[in-house]
Amino acid sequence: MPELPEVETVRRGLHELIIGKVVQTEQHDTEKGFPNTLADVSAFLLGATITDVRRRAKVLMIDLSSGYSLVIHLKMTGQLVFVGETRFGAGHPNDSLIGELPDKSTRVSLLFTDGSALYFNDQRKFGWMKLLPTTEIPNMKFMQKVGPEPLEDDFTPQQFMQRFLRRAKTNIKAALLDQSVIAGVGNIYADEALWGAKLHPLRLVGSLTEEEFTLLYHELRAVMKLAVQKGGSSNHTYVNAEGKKGSYMDFARVFRLEGTLCQRCGAIIEKTRVAGRGTHICPVCQHL
DNA sequence: CACTTGACCTGTCCGC
DNA sequence: TGCGGACAGGTCAAGT
């Protein structure tokens, strides 16, 4: 499911909904195949108040008054859904895509003292939720190597180009997806940004001109900003903190549009495979 | 070291 | 209607 815009949408929703809530009980999936470290340290979870909800790259952090944080990666199919003013297991927003919670893909349930709840659902179990001291988060392996946030105001085209040149001999799509180059880009927004910059995904990073890097920088930021504004993109699994979908796909220009006409030149959009991922291009605009 | 590929899981869709 | 295989918005460990 989620790339930076989707995770940011979830973060904003949770920030509105769960700050100040006090954790009363917690249940988690103990099946193998779902990695989490909640069991060992639940003493730092129960009775704690939620103080902040943050994001770095595609990782969410829910800070607690105990000095610990829930650190969450949704990977492909993870969802964090808040259910307000109900009892455990009862009810949900009327326009939600989510049925009654918890359900068979619920991995973690957090019940708050006011009767509301937060559910971590994950069909494919790639996602994870860990509880660790807030001060330890920057020491996580992922945090050590992850690249800069592309939407930060102080992120410049020069930085952008320099980060990519670390991967000069691979193709531009693989480099965009590499979290150590730039944080938060995934398959949707990689394809959308490459179309915007008229770059073929197989172009070698080292072959791009400074002008092409600058254009890609602006296209990537524009696409991600629009997606945040639209609440992200939704397939059948992505939902925000209220269980609702985002509308970016209404604005997509190539992603999952194979067989339709390129809005820029009228050629037929094609789907191929690059860096092991389904890849959508306009074969005319985005030449090698 | 840089780069590519397979593995982790479950569900769905598509062709036979 | 059933079955096999490919594939799904991510990342890491292993391989070359």
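Chain identifiers are assigned alphabetically (A, B, ...) following the order of the sequence lines, protein sequences preceding nucleic acid strands; residue numbering begins at 1 within each chain. Given the structure is predicted, the values throughout are model-derived calculations rather than measurements.
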Can you measure F126(A) atom CZ to dC8(B) atom P for me and round it to whole angstrom units? 9 Å
Considering every strand and a 4.0 Å limit on heavy-atom distances, what is the contact class for A168(A): base, sugar-phosphate, or nothing? sugar-phosphate
Have a look at R256(A) and say if it touches a base, only the backbone sugar-phosphate, or nothing, with a 4.0 Å heavy-atom cut-off. base
Side-chain donor-acceptor contact under 3.5 Å, N240(A) with K245(A): no
R107(A) CZ to dC9(B) P: how many Å, rounded? 11 Å
Once you round it to whole Å, what is the distance between C1' of dT4(B) and CG of L202(A)? 14 Å
N or O in side chain of R124(A) less than 4.0 angstrom from dC8(B) OP1/OP2: no
Tell me: CG of D103(A) to P of dG11(B), nearest whole Å? 11 Å
Closer than 4.0 Å, any side-chain N/O of H73(A) to the OP1 or OP2 of dG10(C)? no
Taken to the nearest whole Å, NZ/K104(A) to C1'/dT12(B) is 12 Å
For F213(A) and F164(A), take the angle between the two ring planes, folded into 0 to 90°, and tell me which bin it lands in: parallel under 30, tilted 30 to 60, perpendicular over 60. tilted
Going by distance alone, is a donor N or O of one side chain under 3.5 Å from an acceptor N or O of the other, for K173(A) and T279(A)? yes
Got a donor-acceptor pair under 3.5 Å from the side chain of R277(A) to the base of dA8(C)? no
Looking at the side chain of T170(A), which of dC9(B), dT11(C), dT4(B) is the nearest nucleotide? dT4(B)
Considering only the P atoms, how many Å lie between dA13(C) and dC9(B), rounded to the nearest integer? 15 Å
Less than 4.0 angstrom between a side-chain N/O of K169(A) and OP1 or OP2 of dA2(B), yes or no? no
By the 4.0 Å heavy-atom rule, please label G278(A) as base, sugar-phosphate, or nothing. sugar-phosphate
Nearest heavy-atom approach of V181(A) to P148(A) is O-CD, 3.4 Å
Without decimals, in angstroms, what is the distance between I172(A) CD1 and dC3(B) C1'? 15 Å
Measuring to OP1 and OP2 of dG11(B), would you say a side-chain N or O of Q123(A) lies under 4.0 angstrom away? no
Could you check whether G276(A) gets within reach of a base, just the sugar-phosphate, or nothing at all, counting any heavy atom under 4.0 Å? nothing
With both distances under 3.5 Å as the test, what is the Watson-Crick or G-U wobble partner of dC9(B)? none
Distance below 4.0 Å between K271(A) side-chain N/O and dA6(C) OP1 or OP2: no
Write down the distance separating the P atoms in dT11(C) and dC1(B), rounded off to the nearest Å. 22 Å
Under 3.5 Å between N/O atoms: give me all the protein pairs with nucleotides 12-16 of chain C, atom names plus distance.
residue: dC12(C); atom: OP2; partner: K145(A); partner atom: NZ; Å: 2.7

So does T77(A) get a side-chain nitrogen or oxygen closer than 4.0 Å to the phosphate oxygens (OP1/OP2) of dC9(B)? no
Using whole Å, report how far CG of L176(A) lies from C1' of dT11(C). 16 Å
Is it the case that the side chains of T106(A) and N121(A) hold a donor-acceptor pair, with the cut-off being a distance below 3.5 Å and no angle test? yes
Provide the closest heavy-atom pair for V284(A) versus A267(A) in the form atom of the first, atom of the second, distance. CG2-CB, 3.4 Å
Any chance the side chains of Y189(A) and E6(A) put a donor and an acceptor closer than 3.5 Å? yes
How close or far is atom C1' of dT11(C) from atom CH2 of W128(A), stated in whole angstroms? 10 Å
Is the Y68(A) ring parallel, tilted or perpendicular to the F44(A) ring (thresholds 30°, 60°)? parallel
